[in-house]
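Here, residue 1 is the first one in the sequence, and each next residue gets the next number. Not measured: the values here are computed from a predicted model. Just so you know, ligand 1 is whichever comes first in the structure, and atom 1 is the first atom listed for that ligand.
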Amino acid sequence: MNVLLLGSGGREHALAWKMSASPLLTRLYASPGNPGIGRVADLVKLDVADHSAVAAFCQEKKIDLVVVGPEGPLVAGIADDLRAWGFRVFGPSKAAARLEGSKGFTKDLCTKFDIPTAVYGRFSDIASAKAYVEKAGAPIVIKADGLAAGKGVTIAMTLDEANAALDACFEGAFGAAGAEVVVEEYLTGEEASFFCLCDGATALPFGTAQDHKRVGDGDTGPNTGGMGAYSPAPVMTPEMTERTMREIIEPTMRGMASLGAPFAGILFAGLMITDQGPKLIEYNTRFGDPECQVLMMRLKDDLLVLLNAAVDGQLAHMSIRWSDETALTVVMAARGYPGTPEKGSVIRGLDKAEGEGVQVFHAGTAINGGALVANGGRVLNVTALGKTVGEAQAKAYAAIEHIDWPQGFYRHDIGWRAVEREKTGN
Ligand SMILES: Nc1ncnc2c1ncn2[C@@H]1O[C@H](COP(=O)(O)OP(=O)(O)O)[C@@H](O)[C@H]1O
Ligand SMILES: [Mg+2]
């Protein structure tokens, strides 16, 4: 079959790499892709906001499946439009993508279907938001309702910080995404990412991961899109997975269906594992980046078979096999990230870094005058499989030693929590 993959990050490189191993694949196109994706796909330039142009391409190239990587096009309704033109799309409808596109929508769904989450209020005017904050007290969490590229959440340790975050939101720091806010209780516990492959009716667990959002070693410094991740997440024991399915995922699937917006695609639950059990922090309606990279390393089955089954509503008949090994990815970023990254520096040695159980996924790279150069904040994802987290970590860092890129940097402690756990045995 012919597949069109939309997106250009490390997530999409991992998806392209995995799909390219499928005997079902005839031709893979990616738009816009990146040089790593270009090793396994034909790169094309489509305006993803122009749904009819994407449809025309699908017509011309006889595309059998469109796989949407990032959230923006999903929230904008690309899956609905392409389906209306008769194309098969892996990714939720616009109505189902509200689970990511509006934090308030998801919170109300939790209330309606009794899904454990932080106590909250939804506000579209600053006076009532501030009154709620005053009453609830700090610490408290302020969230822009809409898509804010990971920058819309403030964990306010004081009332002053909370009020400043509300001012910023309502003054337009996040544009339309901040015209409404969610104010919620501060939860404590360990975070985990939980993925499900969904076909509208059935949700199949699709792996767990933990990521590192802070830019610096020891989880210090500003937040980023993610500086590394590993899978599985040790905190997601079989019991915790079972509770998450029963208390969070299954009511969400039933709830969305009852609202006339059945969820098909990847449902990515951000969880806080609290003393009382798993609580939903948020939903994303696509794979995480870099979580996807570690999931793809561990997936034993044919990804295209699974995506097709999700599109065709056949997941009730499927099971998914995973490697028992741990996968760990270290993000190499360009100097300046998460501020303004330096672009254009030359990267060498990737061929020496890859080997048995080690993949280097491209995120923000480009080719300039025949050389591979940095072209974004997060640039490479050095990803390794190991029998333990410690072994995967050692392999990933050994691979990095081969990469010659003085203008890049990375964290030296990805997976530290899980490695400690392995050492102490709990
Ligand atoms: N209620 C909460 N209590 C404690 N920490 C939270 C809470 N909500 C969010 N966070 C922290 O903020 C991060 C970002 O929040 P999230 O809702 O996932 O928004 P986004 O990923 O869209 O920026 C979470 O990963 C978590 O670390
Ligand atoms: Mg999040």
Does M157 have any side-chain contact (heavy atoms from CB on, under 4.5 Å) partners at least two apart in sequence or in another chain, and if so, which?
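Once residues adjacent in sequence are excluded, the partners of M157 under the side-chain contact (heavy atoms from CB on, under 4.5 Å) criterion are P139, I155, E161.
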Modelled atom types, side-chain donor and acceptor of [X] and [Y], under 3.5 Å:
X    : Y    : value
H412 : D217 : yes
N308 : R88  : yes
S102 : D145 : yes
S52  : D50  : yes

What verdict does the side chain to side chain contact (heavy atoms under 4.5 Å, CB included) test give for Q293 and M297, after you've listed the backbone C-alpha separation in whole Å, the side-chain angles of each residue and the deciding distance to 0.1 Å? CA-CA 6 Å; Q293 290 82 314; M297 291 291 276; 5.9 Å; no
**Message:** Looking only at the aromatic ring of each residue, does the gap between the centers of F206 and W322 stay below 6.0 angstrom?
**Reply:**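 Centroid distance W322-F206: below 6.0 Å, so yes.
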Centroid separation under 6.0 Å, is that true for the rings of F57 and Y29?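 Between Y29 and F57, the centre distance is under 6.0 Å.
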Problem - 2.8 Å cut-off (strict), protein N, O or S atoms about the Mg ion (ligand 2) - result: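 N, O or S atoms of the protein closer than 2.8 Å: 1.
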field: Sorted by chain and number, the residues that approach ligand 1 to under 4.0 Å with a heavy atom
entry: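 Under the 4.0 Å cut-off, ligand 1 touches K103, A118, V141, K143, G150, V153, I155, E184, E185, Y186, L187, E191, M272, I281, E282.
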**salt bridge (Lys or Arg N to Asp or Glu O under 4.0 Å) contacts in which one or both residues fall within residues 65-74, not counting sequence neighbours** =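 Counting only pairs at least two positions apart or across chains, the salt bridge (Lys or Arg N to Asp or Glu O under 4.0 Å) contacts touching residues 65-74 are E71-R286.
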